[in-house]
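Structure first, commentary second.
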2 protein chains.
Amino acid sequence: MDATRRTARRSTRQQRLVFEAVSTTRSHPTAEWVYEAVRRELPRVSLGTIYRNLQRLVEEGRLRSFERAGLTRYDADLELHDHFSCVRCGLLMDIPRAPEVLPAERRLRARGFAVEGRTLEFHGLCRKCRRGASSNG
Amino acid sequence: MDATRRTARRSTRQQRLVFEAVSTTRSHPTAEWVYEAVRRELPRVSLGTIYRNLQRLVEEGRLRSFERAGLTRYDADLELHDHFSCVRCGLLMDIPRAPEVLPAERRLRARGFAVEGRTLEFHGLCRKCRRGASSNG
DNA sequence: ATCAATAATAGGAATCCTTACTGATATGGA
DNA sequence: TCCATATCAGTAAGGATTCCTATTATTGAT
(Lines give C-alpha, C1' and ligand atoms only; values in the text may rest on other atoms or scores of the structure.)
Protein backbone atom coordinates (compact mmCIF):
# COMPACT_ATOMS: atom_id res chain seq x y z
CA MET A 1 0.00 0.00 0.00
CA ASP A 2 2.71 2.45 0.92
CA ALA A 3 5.83 1.91 -1.14
CA THR A 4 7.81 4.65 0.57
CA ARG A 5 8.71 2.40 3.46
CA ARG A 6 11.90 0.72 2.34
CA THR A 7 13.33 -0.14 5.71
CA ALA A 8 10.46 -2.13 7.15
CA ARG A 9 12.14 -5.26 8.32
CA ARG A 10 9.92 -8.23 8.12
CA SER A 11 7.31 -7.18 10.61
CA THR A 12 3.88 -8.48 9.84
CA ARG A 13 0.52 -7.22 10.92
CA GLN A 14 0.01 -10.40 12.94
CA GLN A 15 3.28 -9.91 14.77
CA ARG A 16 2.47 -6.33 15.59
CA LEU A 17 -0.99 -7.18 16.85
CA VAL A 18 0.35 -9.97 19.05
CA PHE A 19 2.82 -7.63 20.67
CA GLU A 20 0.23 -4.93 21.07
CA ALA A 21 -2.22 -7.30 22.72
CA VAL A 22 0.31 -8.38 25.33
CA SER A 23 1.77 -4.95 25.92
CA THR A 24 -1.52 -3.15 26.49
CA THR A 25 -2.70 -5.33 29.35
CA ARG A 26 -1.41 -6.04 32.80
CA SER A 27 -3.14 -9.37 33.03
CA HIS A 28 -0.21 -11.66 32.12
CA PRO A 29 -2.25 -13.15 29.29
CA THR A 30 -2.23 -16.68 27.94
CA ALA A 31 -1.87 -17.55 24.26
CA GLU A 32 -5.62 -18.13 24.10
CA TRP A 33 -6.32 -14.66 25.48
CA VAL A 34 -3.98 -13.10 22.92
CA TYR A 35 -5.67 -15.15 20.20
CA GLU A 36 -9.08 -13.74 21.10
CA ALA A 37 -7.69 -10.22 21.26
CA VAL A 38 -5.95 -10.40 17.88
CA ARG A 39 -8.98 -12.05 16.34
CA ARG A 40 -11.05 -8.98 16.94
CA GLU A 41 -8.81 -7.12 14.48
CA LEU A 42 -7.87 -10.02 12.26
CA PRO A 43 -10.61 -12.64 12.37
CA ARG A 44 -8.75 -15.18 10.22
CA VAL A 45 -5.62 -15.29 12.32
CA SER A 46 -4.65 -18.79 13.43
CA LEU A 47 -3.64 -19.98 16.85
CA GLY A 48 -0.38 -21.31 15.46
CA THR A 49 0.54 -17.81 14.36
CA ILE A 50 -0.12 -16.53 17.85
CA TYR A 51 2.16 -19.15 19.38
CA ARG A 52 4.86 -18.63 16.78
CA ASN A 53 4.94 -14.88 17.24
CA LEU A 54 4.80 -15.04 21.02
CA GLN A 55 7.78 -17.37 20.87
CA ARG A 56 9.65 -15.09 18.55
CA LEU A 57 8.95 -12.01 20.64
CA VAL A 58 10.27 -13.82 23.71
CA GLU A 59 13.41 -14.82 21.82
CA GLU A 60 13.90 -11.23 20.72
CA GLY A 61 13.61 -10.13 24.32
CA ARG A 62 10.52 -8.01 23.77
CA LEU A 63 8.34 -10.26 25.94
CA ARG A 64 8.89 -12.56 28.84
CA SER A 65 7.06 -15.80 29.53
CA PHE A 66 6.43 -17.97 32.54
CA GLU A 67 4.31 -20.96 33.48
CA ARG A 68 1.41 -21.06 35.83
CA ALA A 69 -1.21 -23.74 36.48
CA GLY A 70 -0.26 -25.58 33.33
CA LEU A 71 -0.45 -22.53 31.08
CA THR A 72 2.24 -20.32 29.60
CA ARG A 73 1.70 -16.66 30.32
CA TYR A 74 3.28 -13.65 28.68
CA ASP A 75 4.33 -10.29 29.95
CA ALA A 76 5.58 -7.21 28.11
CA ASP A 77 6.79 -5.43 31.21
CA LEU A 78 10.52 -5.87 30.93
CA GLU A 79 11.12 -3.87 34.06
CA LEU A 80 12.23 -6.38 36.62
CA HIS A 81 9.47 -7.20 39.02
CA ASP A 82 8.34 -9.96 41.33
CA HIS A 83 4.85 -11.38 41.81
CA PHE A 84 2.24 -11.87 44.44
CA SER A 85 -0.53 -14.38 43.82
CA CYS A 86 -3.67 -14.78 45.89
CA VAL A 87 -4.40 -18.40 46.72
CA ARG A 88 -8.09 -17.68 47.01
CA CYS A 89 -9.08 -15.47 44.07
CA GLY A 90 -6.17 -16.13 41.74
CA LEU A 91 -5.06 -12.51 41.48
CA LEU A 92 -1.57 -12.25 40.03
CA MET A 93 0.00 -8.92 40.87
CA ASP A 94 3.32 -7.34 39.96
CA ILE A 95 5.60 -6.11 42.70
CA PRO A 96 8.21 -3.54 41.67
CA ARG A 97 11.66 -4.81 42.49
CA ALA A 98 13.91 -2.73 44.67
CA PRO A 99 17.62 -2.85 43.83
CA GLU A 100 18.47 -4.93 46.89
CA VAL A 101 20.69 -7.96 46.43
CA LEU A 102 19.23 -10.91 48.29
CA PRO A 103 21.44 -12.68 50.82
CA ALA A 104 20.83 -15.97 49.01
CA GLU A 105 22.24 -14.45 45.85
CA ARG A 106 25.32 -13.22 47.67
CA ARG A 107 25.85 -16.70 49.03
CA LEU A 108 25.54 -18.22 45.57
CA ARG A 109 28.08 -15.81 44.12
CA ALA A 110 30.45 -16.53 46.97
CA ARG A 111 30.23 -20.20 46.04
CA GLY A 112 31.18 -19.51 42.45
CA PHE A 113 27.81 -19.42 40.68
CA ALA A 114 27.15 -16.74 38.07
CA VAL A 115 23.71 -15.45 38.99
CA GLU A 116 22.01 -13.77 36.08
CA GLY A 117 18.51 -13.26 37.38
CA ARG A 118 15.73 -14.59 39.51
CA THR A 119 12.03 -15.20 39.73
CA LEU A 120 10.33 -14.54 43.03
CA GLU A 121 6.69 -15.07 43.78
CA PHE A 122 4.90 -14.68 47.07
CA HIS A 123 1.57 -16.31 47.73
CA GLY A 124 -1.08 -15.75 50.34
CA LEU A 125 -4.25 -13.72 50.62
CA CYS A 126 -4.77 -10.39 48.96
CA ARG A 127 -6.34 -7.61 50.96
CA LYS A 128 -9.83 -8.25 49.72
CA CYS A 129 -9.76 -12.00 50.31
CA ARG A 130 -8.13 -11.52 53.68
CA ARG A 131 -11.16 -9.59 54.87
CA GLY A 132 -13.48 -12.42 53.86
CA ALA A 133 -11.15 -15.13 55.12
CA SER A 134 -11.80 -14.96 58.86
CA SER A 135 -15.58 -15.16 58.48
CA ASN A 136 -15.77 -17.69 55.67
CA GLY A 137 -12.98 -19.98 56.87
CA MET B 1 -3.23 -62.23 53.51
CA ASP B 2 -1.99 -60.99 56.83
CA ALA B 3 -4.94 -60.35 59.11
CA THR B 4 -2.85 -59.18 62.04
CA ARG B 5 -2.58 -55.63 60.71
CA ARG B 6 -5.70 -53.97 61.90
CA THR B 7 -4.63 -50.36 61.84
CA ALA B 8 -3.31 -50.09 58.32
CA ARG B 9 -5.12 -47.12 56.96
CA ARG B 10 -5.66 -47.45 53.32
CA SER B 11 -2.08 -47.27 52.15
CA THR B 12 -1.38 -49.33 49.10
CA ARG B 13 1.83 -50.74 47.79
CA GLN B 14 1.54 -48.42 44.80
CA GLN B 15 1.17 -45.40 47.02
CA ARG B 16 4.14 -46.38 49.13
CA LEU B 17 6.34 -47.00 46.12
CA VAL B 18 5.42 -43.65 44.58
CA PHE B 19 6.35 -41.82 47.75
CA GLU B 20 9.54 -43.80 48.09
CA ALA B 21 10.59 -43.04 44.53
CA VAL B 22 10.22 -39.31 45.02
CA SER B 23 11.69 -39.21 48.50
CA THR B 24 14.85 -41.12 47.70
CA THR B 25 16.07 -38.82 44.97
CA ARG B 26 17.11 -35.22 44.84
CA SER B 27 16.34 -34.86 41.18
CA HIS B 28 12.88 -33.24 41.39
CA PRO B 29 11.44 -36.04 39.29
CA THR B 30 8.61 -35.91 36.78
CA ALA B 31 5.64 -38.28 36.79
CA GLU B 32 7.29 -40.23 33.99
CA TRP B 33 10.45 -40.70 36.02
CA VAL B 34 8.46 -41.94 38.98
CA TYR B 35 6.56 -44.27 36.67
CA GLU B 36 9.76 -45.87 35.46
CA ALA B 37 11.07 -46.17 39.00
CA VAL B 38 7.91 -47.80 40.38
CA ARG B 39 7.70 -50.06 37.36
CA ARG B 40 10.93 -51.73 38.31
CA GLU B 41 9.20 -53.04 41.44
CA LEU B 42 5.69 -53.30 40.10
CA PRO B 43 5.82 -53.83 36.35
CA ARG B 44 2.07 -53.68 35.85
CA VAL B 45 1.53 -50.32 37.51
CA SER B 46 -0.25 -47.79 35.33
CA LEU B 47 0.67 -44.20 34.67
CA GLY B 48 -2.73 -43.08 35.89
CA THR B 49 -1.98 -44.61 39.27
CA ILE B 50 1.26 -42.67 39.43
CA TYR B 51 -0.51 -39.40 38.71
CA ARG B 52 -3.33 -40.15 41.13
CA ASN B 53 -0.98 -40.98 43.98
CA LEU B 54 1.33 -38.07 43.32
CA GLN B 55 -1.68 -35.82 43.44
CA ARG B 56 -2.90 -37.34 46.66
CA LEU B 57 0.51 -37.11 48.30
CA VAL B 58 0.66 -33.43 47.40
CA GLU B 59 -2.80 -32.89 48.87
CA GLU B 60 -1.76 -34.67 52.05
CA GLY B 61 1.24 -32.38 52.27
CA ARG B 62 3.80 -35.16 51.97
CA LEU B 63 5.10 -33.92 48.63
CA ARG B 64 5.31 -30.59 46.87
CA SER B 65 4.94 -29.97 43.17
CA PHE B 66 5.95 -27.25 40.79
CA GLU B 67 6.06 -26.68 37.05
CA ARG B 68 9.07 -26.37 34.87
CA ALA B 69 9.45 -26.39 31.09
CA GLY B 70 5.93 -27.68 30.65
CA LEU B 71 6.32 -30.56 33.10
CA THR B 72 5.14 -30.99 36.66
CA ARG B 73 7.93 -31.95 39.02
CA TYR B 74 7.72 -33.37 42.52
CA ASP B 75 9.79 -32.93 45.60
CA ALA B 76 9.68 -34.70 48.95
CA ASP B 77 11.90 -32.22 50.72
CA LEU B 78 9.42 -30.30 52.79
CA GLU B 79 12.13 -28.19 54.36
CA LEU B 80 11.73 -24.78 52.83
CA HIS B 81 14.31 -24.16 50.19
CA ASP B 82 14.87 -22.06 47.10
CA HIS B 83 16.32 -23.09 43.76
CA PHE B 84 19.16 -22.33 41.45
CA SER B 85 18.91 -23.46 37.83
CA CYS B 86 21.72 -23.47 35.32
CA VAL B 87 20.66 -22.01 32.00
CA ARG B 88 23.28 -24.05 30.19
CA CYS B 89 23.16 -27.58 31.57
CA GLY B 90 19.72 -27.55 33.15
CA LEU B 91 20.93 -28.39 36.65
CA LEU B 92 18.24 -27.68 39.22
CA MET B 93 19.72 -27.31 42.67
CA ASP B 94 18.20 -26.74 46.08
CA ILE B 95 19.35 -23.80 48.18
CA PRO B 96 18.67 -24.04 51.92
CA ARG B 97 16.58 -21.13 53.02
CA ALA B 98 17.86 -18.92 55.78
CA PRO B 99 15.24 -17.50 58.16
CA GLU B 100 15.55 -14.00 56.75
CA VAL B 101 12.41 -12.10 55.87
CA LEU B 102 12.77 -10.48 52.48
CA PRO B 103 12.20 -6.75 52.25
CA ALA B 104 9.59 -7.33 49.55
CA GLU B 105 7.65 -9.51 51.95
CA ARG B 106 7.77 -6.85 54.63
CA ARG B 107 6.45 -4.33 52.16
CA LEU B 108 3.58 -6.62 51.19
CA ARG B 109 2.59 -7.18 54.81
CA ALA B 110 2.72 -3.47 55.45
CA ARG B 111 0.25 -3.03 52.60
CA GLY B 112 -2.18 -5.50 54.13
CA PHE B 113 -1.40 -8.73 52.27
CA ALA B 114 -1.23 -12.01 54.18
CA VAL B 115 1.95 -13.61 52.87
CA GLU B 116 1.94 -17.36 53.42
CA GLY B 117 4.97 -18.43 51.45
CA ARG B 118 7.12 -17.85 48.43
CA THR B 119 8.96 -19.48 45.60
CA LEU B 120 12.34 -18.12 44.69
CA GLU B 121 14.54 -19.34 41.88
CA PHE B 122 17.80 -17.93 40.68
CA HIS B 123 19.17 -18.67 37.26
CA GLY B 124 22.58 -18.32 35.73
CA LEU B 125 25.61 -20.52 35.23
CA CYS B 126 26.66 -23.22 37.64
CA ARG B 127 30.31 -23.51 38.56
CA LYS B 128 31.08 -26.14 35.98
CA CYS B 129 29.37 -24.36 33.09
CA ARG B 130 30.88 -21.07 34.13
CA ARG B 131 34.35 -22.46 33.56
CA GLY B 132 33.44 -23.53 30.02
CA ALA B 133 31.51 -20.36 29.30
CA SER B 134 34.32 -17.91 28.63
CA SER B 135 36.05 -20.16 26.10
CA ASN B 136 32.97 -21.55 24.36
CA GLY B 137 31.01 -18.31 24.21
C1' DA C 1 4.59 -2.14 -11.79
C1' DT C 2 6.41 -6.85 -12.46
C1' DC C 3 9.06 -10.78 -11.23
C1' DA C 4 11.50 -14.17 -8.49
C1' DA C 5 13.09 -15.43 -3.97
C1' DT C 6 12.14 -15.64 0.63
C1' DA C 7 9.53 -15.67 4.82
C1' DA C 8 5.17 -15.85 7.26
C1' DT C 9 0.57 -17.36 7.21
C1' DA C 10 -3.95 -20.29 7.85
C1' DG C 11 -5.70 -24.43 8.79
C1' DG C 12 -5.48 -28.59 10.56
C1' DA C 13 -3.10 -32.77 12.01
C1' DA C 14 -0.02 -34.54 15.35
C1' DT C 15 2.17 -34.71 19.87
C1' DC C 16 2.77 -34.57 24.57
C1' DC C 17 1.29 -34.37 29.37
C1' DT C 18 -2.44 -35.05 32.32
C1' DT C 19 -7.04 -36.33 33.77
C1' DA C 20 -11.30 -39.05 33.52
C1' DC C 21 -13.69 -43.21 32.94
C1' DT C 22 -14.70 -48.32 33.56
C1' DG C 23 -14.80 -52.92 34.86
C1' DA C 24 -11.85 -55.76 37.73
C1' DT C 25 -9.50 -56.44 42.10
C1' DA C 26 -8.08 -55.85 46.75
C1' DT C 27 -9.04 -54.30 51.53
C1' DG C 28 -11.42 -53.99 56.07
C1' DG C 29 -15.25 -54.90 59.01
C1' DA C 30 -19.24 -57.77 60.49
C1' DT D 1 -17.82 -65.89 54.35
C1' DC D 2 -20.08 -61.81 52.64
C1' DC D 3 -20.70 -56.95 51.85
C1' DA D 4 -19.24 -52.13 51.29
C1' DT D 5 -15.77 -49.28 49.81
C1' DA D 6 -11.51 -47.75 47.74
C1' DT D 7 -7.87 -48.47 44.56
C1' DC D 8 -6.23 -50.46 40.60
C1' DA D 9 -4.90 -51.34 35.40
C1' DG D 10 -5.96 -50.15 31.09
C1' DT D 11 -7.47 -47.07 28.03
C1' DA D 12 -10.05 -43.21 26.24
C1' DA D 13 -10.51 -38.35 26.40
C1' DG D 14 -8.94 -33.70 27.17
C1' DG D 15 -6.24 -29.48 26.62
C1' DA D 16 -2.16 -26.89 25.46
C1' DT D 17 1.38 -26.56 22.26
C1' DT D 18 4.05 -27.71 18.20
C1' DC D 19 4.56 -29.36 13.53
C1' DC D 20 3.40 -29.68 8.62
C1' DT D 21 2.11 -27.96 3.98
C1' DA D 22 0.06 -25.47 0.49
C1' DT D 23 -1.01 -20.65 0.07
C1' DT D 24 -0.21 -15.83 0.60
C1' DA D 25 2.35 -11.76 1.73
C1' DT D 26 6.70 -9.23 1.66
C1' DT D 27 11.18 -7.81 -0.08
C1' DG D 28 14.62 -6.39 -3.37
C1' DA D 29 15.78 -5.89 -7.98
C1' DT D 30 14.55 -4.92 -12.59
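Naming convention: chains lettered A, B, ... in sequence-line order (proteins, then strands); numbering from 1 in each chain.
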Residues passing the side-chain hydrogen bond (donor to acceptor under 3.5 Å, both in side chains) test with B:Asp82, sequence neighbours excluded, are B:Arg97, B:Arg118
Check the distance between C:dA8's P and A:Gln15's CD and give it to me in whole angstrom.
8 Å
Is B:Thr12 near enough to D:dC8 that one of its side-chain N or O atoms lies under 4.0 angstrom from OP1 or OP2?
yes
Roughly how many Å is it from CD in A:Glu41 to C1' in C:dA10, rounded to a whole number?
18 Å
Output one line per pair: protein atom, nucleotide atom from nucleotides 9-12 of chain D, and distance, for all N/O pairs under 3.5 Å.
{"from": "D:dA9", "atom 1": "OP1", "to": "B:Gln14", "atom 2": "NE2", "distance (Å)": "3.4"}
{"from": "D:dA9", "atom 1": "OP2", "to": "B:Ser46", "atom 2": "N", "distance (Å)": "3.3"}
{"from": "D:dA9", "atom 1": "OP2", "to": "B:Thr49", "atom 2": "OG1", "distance (Å)": "2.4"}
{"from": "D:dG10", "atom 1": "OP1", "to": "B:Arg44", "atom 2": "NH2", "distance (Å)": "2.5"}
{"from": "D:dG10", "atom 1": "OP2", "to": "B:Arg44", "atom 2": "O", "distance (Å)": "3.1"}

Just call it for B:Gln55: base, sugar-phosphate, or nothing, with non-hydrogen atoms closer than 4.0 Å on any strand.
sugar-phosphate
side-chain hydrogen bond (donor to acceptor under 3.5 Å, both in side chains) partners for B:Arg73, two or more places apart:
none
If a pair satisfies salt bridge (Lys or Arg N to Asp or Glu O under 4.0 Å) and one of its residues is in residues 105-114 of chain A, list it, with sequence neighbours excluded.
A:Glu105-A:Arg109, A:Arg107-B:Glu100
Round to a whole Å and report the spacing from CH2 of B:Trp33 to C1' of C:dC16.
21 Å
In whole angstroms, the gap separating P of C:dA8 from CZ of A:Phe19 amounts to 18 Å
What integer distance in Å separates A:Asn53:CG from D:dT17:P?
15 Å
Under 4.5 Å side-chain linkage, directly or through intermediates, the cluster mates of A:Leu78
none
Indicate if B:Leu42 and B:Tyr74 have the same hydrophobic cluster label, given that clusters are the connected sets of ILVMFWY residues with side-chain heavy-atom separations under 4.5 angstrom.
yes
Between A:Tyr51 and D:dT18, does any side-chain N or O lie under 4.0 Å from OP1 or OP2?
no
If the helix axis at each end comes from five base pairs, how far does the helix from C:dA1-D:dT30 to C:dA30-D:dT1 deviate from straight, to 10°?
30°
Is the distance from OP1 or OP2 of D:dA16 to the nearest side-chain N or O of A:Thr72 less than 4.0 Å?
no
Atom pair distance, as rounded to whole Å: CG in A:Leu71 and C1' in D:dG14:
13 Å
Among residues at least two apart in sequence or on other chains, which ones pass ring-ring contact (aromatic ring centres under 6.0 Å, His included) with B:Tyr35?
none
Under 4.5 Å side-chain linkage, directly or through intermediates, the cluster mates of A:Leu108
A:Phe84, A:Leu91, A:Met93, A:Ile95, A:Leu102, A:Phe113, A:Val115, A:Leu120, A:Phe122, B:Phe84, B:Leu91, B:Met93, B:Ile95, B:Leu102, B:Leu108, B:Phe113, B:Val115, B:Leu120, B:Phe122
Nearest-Å distance for atom pair OH/C1', residues A:Tyr74 and D:dA16
10 Å
A:Glu67 side chain vs B:Gly70 backbone, donor-acceptor pair below 3.5 Å
yes
By side-chain hydrogen bond (donor to acceptor under 3.5 Å, both in side chains), which residues pair with B:Ser27, not counting sequence neighbours?
B:Thr25
OP1 or OP2 of C:dT9 under 4.0 Å from side-chain N/O of A:Arg13
no
Taken to the nearest whole Å, CD/B:Glu67 to P/C:dC17 is 14 Å
